[in-house]
Amino acid sequence: MAWQFDADRPIYKQLKERILLMIVSGAYGAGAQLPTVRDLAEEAAVNPNTLQKALVELERDGLVFTQRTSGRFVTEDAELIRRAKNDLAQEQIDLFLMKMAAIGYDRQDAAVLIQ
């Protein structure tokens with residue numbers, strides 16, 4: 001089934017986020033080989049060049065590396081994966097708090113609601 005994308009953001013960024021989520025959630029574990037660009041692009045129903053751009057960004061971030069003739073792999077650096085996971089969590093918390101502020105809740109009120 002094709003992945004769903006928002007029309008208001010670049011697809012390659014959404015692909016990067018989706019693959020990053022698979023890495024930090026453990027769907028693609030540390031050291032695991034990623035599917036080929038062609039296979040991932042087919043699964044997501046996107047152009048392989050678009051997917052390639054997302055993977056290049058993940059490589060730049062150190063979360064993915066390429067082994068010549070063997071494909072792409074997830075980093076084995078557990079600390080890097082943990083930091084990426086924490087960064088994603090912090091983004092979600094910030095977004096939640098921003099939305100709560102928009103409807104009139106401060107941090108303490110939001111924390112009380114969560115409790």
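Keep in mind that what you see is a predicted model, and the values were worked out from it rather than measured.
The distance from the CD1 atom of I19 to the CH2 atom of W3 is 5.0 Å, given to the nearest 0.5 Å. Taken from OG1 in T66 to CD in E59, the straight-line distance is 3.0 Å, to the nearest 0.5 Å. The distance from atom CD of E91 to atom CD of E17, rounded to the nearest 0.5 Å, is 7.5 Å. Between the OG1 atom in T50 and the CG atom in L15 there is a gap of 7.0 Å [rounded to 0.5 Å]. Between the OH atom of Y28 and the CZ atom of F73 there is a distance of 13.5 Å, given to the nearest 0.5 Å. Put simply, CG on N49 and NZ on K53 are 10.5 Å apart, with the number rounded to the nearest 0.5 Å.
Taking a cutoff of 4.0 Å between a charged side-chain nitrogen and a carboxylate oxygen, K13 and E57 do not qualify as a salt bridge.
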Pair up each side-chain donor or acceptor in residues 29-42 with any protein partner under 3.5 Å, not counting sequence neighbours, and list the distances.
residue : atom : partner : partner atom : Å
Q33     : NE2  : S70     : O            : 2.6
T36     : OG1  : D39     : N            : 3.0
T36     : OG1  : D39     : OD2          : 3.2

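Distance alone, capped at 3.5 Å, places no donor-acceptor pair between the D61 side chain and the L63 backbone. Although no hydrogens or angles enter the test, the distance criterion places a donor-acceptor pair under 3.5 Å between the side chain of T75 and the main chain of D77.
Linking ILVMFWY residues whenever their side-chain heavy atoms come closer than 4.5 Å, directly or via other members, leaves L95 and M100 in distinct clusters. Cluster membership check: Y12 does not share its hydrophobic cluster with M22, using side-chain heavy-atom separations under 4.5 Å among Ile, Leu, Val, Met, Phe, Trp and Tyr. Cluster membership for I93 and M98, using ILVMFWY side-chain heavy atoms within less than 4.5 angstrom, is not shared.
Here the shortest heavy-atom pairing between Q14 and D6 reads OE1-N, 2.6 Å. Considering all non-hydrogen atoms of both residues, A110 and F96 come closest at CB-CE2, 4.1 Å. Considering all non-hydrogen atoms of both residues, V74 and F65 come closest at O-CE2, 3.4 Å.
Within a 6.0 Å radius of CZ in F5, other residues, nucleotides and ligands contribute more than 12 heavy atoms. The environment of R9 atom CZ is dense: over 12 non-hydrogen atoms of other residues, nucleotides or ligands sit within 6.0 angstrom.
Looking at Q90, R83, R82 one by one, the single match for side chain to side chain contact (heavy atoms under 4.5 Å, CB included) with N86 turns out to be R82.
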Task: Intermediate values then yes/no, side chain to side chain contact (heavy atoms under 4.5 Å, CB included), V64 and V56 - done: CA-CA 8 Å; V64 171; V56 165; over 6 Å; no

